[in-house]
Amino acid sequence: MAIQQQIQQAAIESLEKLYSKSFSAKDFQINKTKPEFEGDYTIVLFSLLKPLSKSPDALGNELGKFLTENYSQLFTSYNIIKGFLNLTIADNYWTSVLITNYNNSCFGKGEANHKKVMVEYSSPNTNKPLHLGHLRNNFLGWSIAEIIKANGYDIVKSCIVNDRGIHICKSMIAWQMFANGATPKSTNTKGDHFVGDYYVKFNNEYKKQVDELVAGGMKKDDAEKEAPIMKATQQMLLDWEAGKPEVMQLWKEMNSWVYEGFDETYNRIGSNFDKIYYESNTYLLGKKTVQEGLEKNVFVQKEDGSVWIDLTADGLDEKIVQRKDGTSVYITQDIGLAQQKYEEYKIDQSIYVIGDEQNYHMKVLQLICKKLELPYADGIYHLSYGMVELPTGKMKSREGTVVDADDLLDEMENVARQKTEELGKVKDFTAEELKELYKTLSLGALKFYLLRVDPKKKMVFNPEESIDFHGYTGPFIQYTHARIKSILRKEKAQGSEFAVQSALLQLEKELLIELENYPSVIEQAGNEHDPSHLANYIYSIAKTFNSFYTEHSVMNAETEEKKQLRLLICELTANVIASGMQLLGIAVPERM
RNA sequence: GGUCCGGUAGCUCAGCUGGAUAGAGCAUCAGCCUUCUAAGCUGAGGGUCAUUGGUUCGAAUCCAAUCCGGAUCACCA
């Protein structure tokens with residue numbers, strides 16, 4: 001059990017025995033003691049004063065005395081400052097945590113609870129390559145899945161590919177018009193970029209045609225509808241839905257190019273999925289549910305045949321769920337897909353990693369599922385994340401300010417190479433090892449940069465900052481890990497036979513206190529669906545370790561006992577760093 | 001306009017289920033490599049926690065109002 005809970009329990013028991021009153025964990029707070037005071041953890045007494053009719057000093061002394069006398073294996077001393085009861089925890093507690101966990105690879109992870117959670121993330125369109133925003137999504141989705149797994153859940157990583165619709169037809173039309181049969185192979189272009197180029201070509205041509213029509217005297221609104229290329233695209237969508245063979249063939253071929261490109265990028269960034277859904281297979285789902293909803297009077301059908309749900313009583317609007325022509329809209333397929341996920345996997349929770357521009361949509365989706373009394377409705381959770389912006393403002397594809405994922409990864413790798421060469425610490429590495437290191441460092445920098453901030457907040461991507469390898473960054477933590485490993489290559493900790501006699505030094509203890517907290521951090525990150533807690537925590541560990549490292553020598557420790565103790569601390573620190581970074585999807589090198 | 005989210009150091013962010021003198025990184029300045037990797041460490045300066053009011057022993061944190069920024073409110077997805 002975590003120390004904080006042990007203190008809480010001890011305090012509750014003590015208060016019960018001292019005053020015959022029962023309290024619960026909510027009735028008082030336990031904090032880490034501020035560094036300027038003596039002690040490790042602090043019980044805040046204020047909230048207890050009134051129910052017990054005690055002065056801070058009286059209560060603090062009685063409780064402090066009782067705790068140190070009756071829980072002497074846990075508390076060695078106490079002091080009271082104003083209403084704060086500062087407790088010093090026995091060194092023995094920290095070292096026993098160290099000795100039992102220093103080589104426990106499961107340290108911090110919860111026990112299996114046999115509940116199943118699906119995390120849907122990434123969910124790309126097949127008309128253009130991945131960009132910076134997708135990276136935030138992918139890193140978040142992958143990480144939160146790992147964190148939830150570490151909390152004992154079974155995880156299914158899924159992805160819904162938006163592989164059909166008018167946007168896809170745009171690329172297809174443009175390819176027919178301009179490509180002359182060119183392919184990614186014939187032009188030596190990555191497939192998703194190849195198709196994306198035709199999407200751009202579509203928009204250029206479309207704009208040109210609209211301008212021409214407007215110049216010929218047509219109103220802009222009409223011109224946008226009448227442009228021949230747009231009409232052709234709409235016709236193609238109809239042909240697609242009708243299953244016209246040559247359209248289907250082109251669609252399949254162009255999508256296959258995109259998937260080839262996506263796979264390369266996913267592979268590079270380490271995204272993977274247990275189950276991939278395709279919109280072309282799911283877009284018709286949900287109609288049966290609409291029918292059932294009509295029977296239950298959750299939905300109403302208007303005279304023209306369209307089907308609606310009235311959510312005004314819940315503070316939302318009226319929402320259409322089926323068009324008058326009987327076709328399904330976006331939200332209908334989502335209900336259908338939600339159902340399919342549930343039936344296929346019997347999931348207890350379904351997490352959607354989707355940008356905050358869809359907050360309203362997701363709220364509506366869950367509400368509809370609830371009104372339909374679908375069993376999975378309460379398990380829907382929208383992990384909403386903010387947009388990634390540039391220092392110059394929002395990314396806009398029309399203005400060409402979108403940061404392409406592949407370009408960015410290349411750029412980061414270059415910087416990693418440059419910095420590594422400047423320092424010249426790994427000159428004996430093979431070309432293979434160097435390549436691997438550059439990849440580890442560049443991805444570490446980028447992932448950490450995108451994961452270290454609260455997901456729900458929009459964030460600014462500053463290119464210069466993101467490739468920084470100093471301070472609050474991934475490479476800083478990776479470096480700390482490499483430093484520790486360098487020591488451990490020289491000598492391994494001997495292990496569990498070891499008993500600590502001499503008192504822990506300040507920095508030794510600080511590190512141990514932080515390390516002991518690892519399980520709680522994983523739990524919190526999972527409960528709040530927020531990897532940034534973990535990122536913050538690992539950074540703090542690395543920082544504390546570096547202070548410790550500078551201050552105290554491991555190999556040349558004052559005594560053999562201290563050396564063994566510090567080797568154990570090194571082991572546990574390295575394990576926690578590696579384990580925590582793994583949960584963020586970041587690898588740590590042995591040397592750098 | 002309705003709903004939702006955000007506003008903390010020059011910049012990027014922690015802290016937000018109320019607790020002690022509001023913390024990091026970057027940037028600026030000053031130190032530290034004969035000793036386990038200096039991608040490091042130590043120190044300094046830098047704040048009206050958007051504003052105003054309320055709740056109370058105590059508010060960056062909770063409540064209300066206001067100001068500013070963003071998202072969203074399609075028979076698009």
Exercise. Scan F469(A) against the nucleic acid and name what it touches under 4.0 Å (heavy atoms): base, sugar-phosphate only, or nothing.
Key: base
Practice problem: Select from D356(A) and T420(A) the residue whose nearest nucleotide in RNA chain B is closer to the 5' end of that strand. | Solution: T420(A)
Self-check item: Rounded distance in Å between the P positions of U61(B) and G54(B)
Solution: 14 Å
Exercise. Please step through side chain to side chain contact (heavy atoms under 4.5 Å, CB included) for the pair I368(A) and V298(A), ending with a clear verdict.
Key: CA-CA 8 Å; I368(A) 291 178; V298(A) 174; 5.8 Å; no
Quiz item: Any luck finding a side-chain donor-acceptor pair between T126(A) and D163(A) under 3.5 Å?
Solution: no
Self-check item: Distance, P atom - from G70(B) to G43(B), rounded to whole angstrom
Solution: 41 Å
Practice problem: Going by the ring-ring contact (aromatic ring centres under 6.0 Å, His included) test, name the single residue among Y472(A), F476(A), Y539(A) that passes it with F448(A). | Solution: Y472(A)
Practice problem: Answer yes when R566(A) and E558(A) have at least one side-chain N-carboxylate O distance shorter than 4.0 Å, and no when they do not. | Solution: yes
Practice problem: Please work out if M592(A) contacts a base, only the sugar-phosphate, or nothing of the nucleic acid, heavy-atom cut-off 4.0 Å. | Solution: base
Quiz item: For Y199(A), is the NZ or CZ atom of K170(A) found under 6.0 angstrom from the centre of its six-membered ring and inside 45 degrees of the ring axis?
Solution: no
Quiz item: CD1 of I160(A) to OH of Y283(A): how many Å apart, nearest 0.5 Å?
Solution: 13.0 Å
Practice problem: Sequence neighbours left out, what pairs pass salt bridge (charged side-chain N to carboxylate O under 4.0 Å, His left out) with at least one residue falling in residues 318-338 of chain A? | Solution: K302(A)-E318(A)
Exercise. Take the protein atom CZ of F476(A) and the nucleotide atom P of A38(B), then report the distance between them rounded to whole Å.
Key: 13 Å
Quiz item: Between U17(B) and G1(B), how far is it from one C1' atom to the other, in whole Å?
Solution: 34 Å
Quiz item: Between U8(B) and A22(B), how far is it from one C1' atom to the other, in whole Å?
Solution: 8 Å
Self-check item: Nucleotide nearest Y360(A) (side chain, heavy atoms from C-beta), chosen from U37(B), C75(B), U72(B)
Solution: U72(B)
Quiz item: Is C13(B) in the syn or the anti form, by the rule that syn lies within 90° of 0?
Solution: anti
Self-check item: Ring centre gap for F46(A) and F84(A) strictly below 6.0 Å
Solution: yes
Quiz item: Separation of L337(A) atom CG from A77(B) atom P, in whole Å?
Solution: 15 Å
Practice problem: Output every pair passing side chain to side chain donor-acceptor pair (under 3.5 Å) with a member in residues 442-459 of chain A, not counting sequence neighbours, ordered by first then second residue. | Solution: Y449(A)-E465(A), D454(A)-K456(A)
Quiz item: How many angstroms lie between NZ in K562(A) and CG in L505(A), if you round to the nearest 0.5 Å?
Solution: 4.0 Å
Quiz item: If we take the C1' atom in both A77(B) and G10(B), what is their distance in whole Å?
Solution: 41 Å
Quiz prompt | Those residues of residues 436-443 of chain A lying under 4.0 Å from RNA chain B by at least one heavy atom | solution = L441(A)
Practice problem: Considering only atom C1', compute the distance from A24(B) to G18(B) and round it to an integer number of Å. | Solution: 23 Å
Quiz item: With respect to the side chain of K324(A), which nucleotide from C57(B), G40(B), C75(B) is positioned closest?
Solution: C75(B)
Quiz item: Start at the 5' end of RNA chain B and walk down; is the nucleotide closest to M459(A) or to K456(A) reached first?
Solution: K456(A)
Quiz item: What is the per-nucleotide protein-contact pattern of nucleotides 14-26 of chain B, from the 5' end, where B denotes a base atom under 4.0 Å from a protein heavy atom, S denotes such proximity for sugar-phosphate atoms only, and - denotes neither?
Solution: SSB-SBB---SSS
Self-check item: Euclidean distance for C1', U35(B) against G19(B) (whole angstrom)
Solution: 44 Å
Self-check item: Salt bridge present between D314(A) and K363(A) (N-O < 4.0 angstrom)
Solution: no
Practice problem: Take nucleotides 29-36 of chain B nucleotide by nucleotide from the 5' end and write B, S or -, depending on whether a protein heavy atom sits under 4.0 Å from the base, only from the sugar-phosphate, or from neither. | Solution: ------SB
Practice problem: Looking at every strand, decide which applies to N462(A) at a 4.0 Å heavy-atom threshold: base, sugar-phosphate, or nothing. | Solution: nothing
Quiz item: Separation of H361(A) atom NE2 from C4(B) atom C1', in whole Å?
Solution: 16 Å
Self-check item: Gap in Å between the two C1' atoms, one belonging to U34(B) and one to A44(B), rounded
Solution: 29 Å
Quiz item: Could you give the CD-to-C1' distance, from E357(A) to U3(B), as a whole number of Å?
Solution: 17 Å
Quiz item: So, are E413(A) and K435(A) salt-bridged, with charged N and O less than 4.0 Å apart?
Solution: no
Quiz item: Can you tell me how far P of A74(B) sits from CD of E318(A), to the nearest Å?
Solution: 11 Å
Practice problem: Starting from P on A77(B), measure out to OH on Y277(A) and report it in whole angstrom. | Solution: 21 Å
Quiz prompt | Nearest-angstrom distance from the residue atom CG of L316(A) to P of C4(B) | solution = 10 Å
Exercise. Look at the rings of Y537(A) and Y518(A) and say which category their plane angle falls in: under 30° parallel, 30 to 60° tilted, over 60° perpendicular.
Key: parallel
Practice problem: Over 60° means perpendicular and under 30° means parallel, so classify the ring planes of Y206(A) and F202(A), tilted if in between. | Solution: parallel
Exercise. Answer with base, sugar-phosphate or nothing: what part of the nucleic acid does E279(A) contact at a heavy-atom distance below 4.0 Å?
Key: sugar-phosphate
Practice problem: Before accepting this row, confirm whether a basic side-chain N of the pair K563(A)/E491(A) lies closer than 4.0 Å to the acidic partner's carboxylate O. | Solution: yes
Practice problem: Ignoring hydrogens and angles, tell me if any N or O in the side chain of N31(A) forms a donor-acceptor pair with the backbone of T33(A) under 3.5 Å. | Solution: no
Quiz prompt | Ranges pairing with ranges for RNA chain B, where each run has three or more Watson-Crick or G-U pairs under 3.5 Å | solution = B:1-7 with B:67-73, B:10-13 with B:23-26, B:28-32 with B:40-44, B:50-54 with B:62-66
Quiz item: Under 4.0 angstrom, heavy atoms only, what part of the nucleic acid is K50(A) near: base, sugar-phosphate, or nothing?
Solution: sugar-phosphate
Quiz item: Rounded to the Å, how far apart are Q366(A) CD and C4(B) C1'?
Solution: 15 Å
